[in-house]
Amino acid sequence: MTKKLYKSNDRIIGGVFGGIAEYFGWDKTVVRLIGTLIILFVGQLFLGVLAYFIAMAIMPNRPDYQKGDNHRSDAPIEGEFEEK
């Protein structure tokens with residue numbers, strides 16, 4: 001079975017960096033920080049943002065993706081308490 005690169009269901013903007021992190025098994029926060037720093041400080045902000053949006057348009061959604069459902073359904077919502 002081959003691995004496929006999908007946008008993450010746990011999205012901040014488009015799910016690109018989260019999808020890359022899931023594909024390689026890396027921490028999503030670290031990949032998002034590194035990706036953002038590269039876009040901001042390489043000196044080509046326009047090209048970095050353009051490349052991100054192109055990747056967002058090209059990368060497919062995960063097969064189990066439901067629009068508007070970007071959080072884990074088993075996690076408590078902020079302000080709720082889990083029953084024990």
Side-chain angles (χ1 to χ4, degrees):
M1 187 165 112
T2 61
K3 282 178 30 175
K4 294 198 176 213
L5 180 61
Y6 293 110
K7 289 186 266 187
S8 175
N9 286 344
D10 181 22
R11 298 178 179 192
I12 302 260
I13 296 177
V16 174
F17 291 141
I20 291 169
E22 289 174 0
Y23 182 81
F24 289 107
W26 298 336
D27 183 24
K28 292 178 189 176
T29 304
V30 172
V31 174
R32 288 172 177 151
L33 285 172
I34 291 171
T36 303
L37 290 173
I38 289 172
I39 288 174
L40 292 175
F41 294 114
V42 170
Q44 298 295 328
L45 179 66
F46 176 75
L47 291 177
V49 171
L50 180 65
Y52 184 88
F53 282 107
I54 289 172
M56 192 169 69
I58 293 173
M59 287 173 65
N61 290 323
R62 295 186 69 77
D64 60 348
Y65 175 69
Q66 294 179 1
K67 191 171 184 175
D69 185 26
N70 62 352
H71 65 278
R72 292 186 359 225
S73 60
D74 62 338
I77 298 173
E78 187 176 338
E80 289 185 6
F81 296 95
E82 291 185 54
E83 293 183 29
K84 293 188 178 190

Legend entry - Cluster companions of Leu50 among Ile, Leu, Val, Met, Phe, Trp, Tyr (side-chain spacing under 4.5 Å):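 Reading the cluster by chain and number, Leu50 sits alongside Phe46, Leu47, Ile54, Ile58.
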For residues [X] and [Y], report the shortest heavy-atom separation together with the two atoms involved.
{"X": "Leu5", "Y": "Gly19", "result": "CD1-O, 3.6 Å"}
{"X": "Gly35", "Y": "Phe17", "result": "CA-CZ, 3.6 Å"}
{"X": "Gly18", "Y": "Ser8", "result": "C-CB, 3.5 Å"}

Inset, instruction - Kindly determine whether Tyr52 and Ile13 satisfy side chain to side chain contact (heavy atoms under 4.5 Å, CB included), including the steps that lead there. - result: CA-CA 10 Å; Tyr52 184 88; Ile13 296 177; 3.8 Å; yes
Any link between [X] and [Y] through a network of hydrophobic side chains (Ile, Leu, Val, Met, Phe, Trp, Tyr) touching at under 4.5 Å?
{"X": "Tyr6", "Y": "Phe24", "answer": "no"}
{"X": "Ile12", "Y": "Leu45", "answer": "yes"}
{"X": "Leu33", "Y": "Val31", "answer": "no"}

Legend entry - Counterpart residues, side-chain contact (heavy atoms from CB on, under 4.5 Å), relative to Ile34 (two or more places apart):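 Applying side-chain contact (heavy atoms from CB on, under 4.5 Å) to Ile34 gives Val30, Ile38.
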Inset, instruction - Would you indicate whether Phe53, at its atom CZ, is surrounded by more than 12 heavy atoms from other residues, nucleotides or ligands within a distance under 6.0 Å? - result: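 Check fails, neighbour count at 12 or below.
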Legend entry - Donor-acceptor contact below 3.5 Å, side chain Lys7 vs main chain Gly14: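 Pair absent, no side-chain N/O of Lys7 close to backbone of Gly14.
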Legend entry - From CD1 (Ile20) to CE (Met59), nearest 0.5 Å: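 Atom-to-atom, Ile20:CD1 and Met59:CE are 5.5 Å apart.
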Legend entry - salt bridge (Lys or Arg N to Asp or Glu O under 4.0 Å) partners for Lys28, two or more places apart: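 For Lys28 the salt bridge (Lys or Arg N to Asp or Glu O under 4.0 Å) partners, ignoring immediate neighbours, are Asp10, Glu22.
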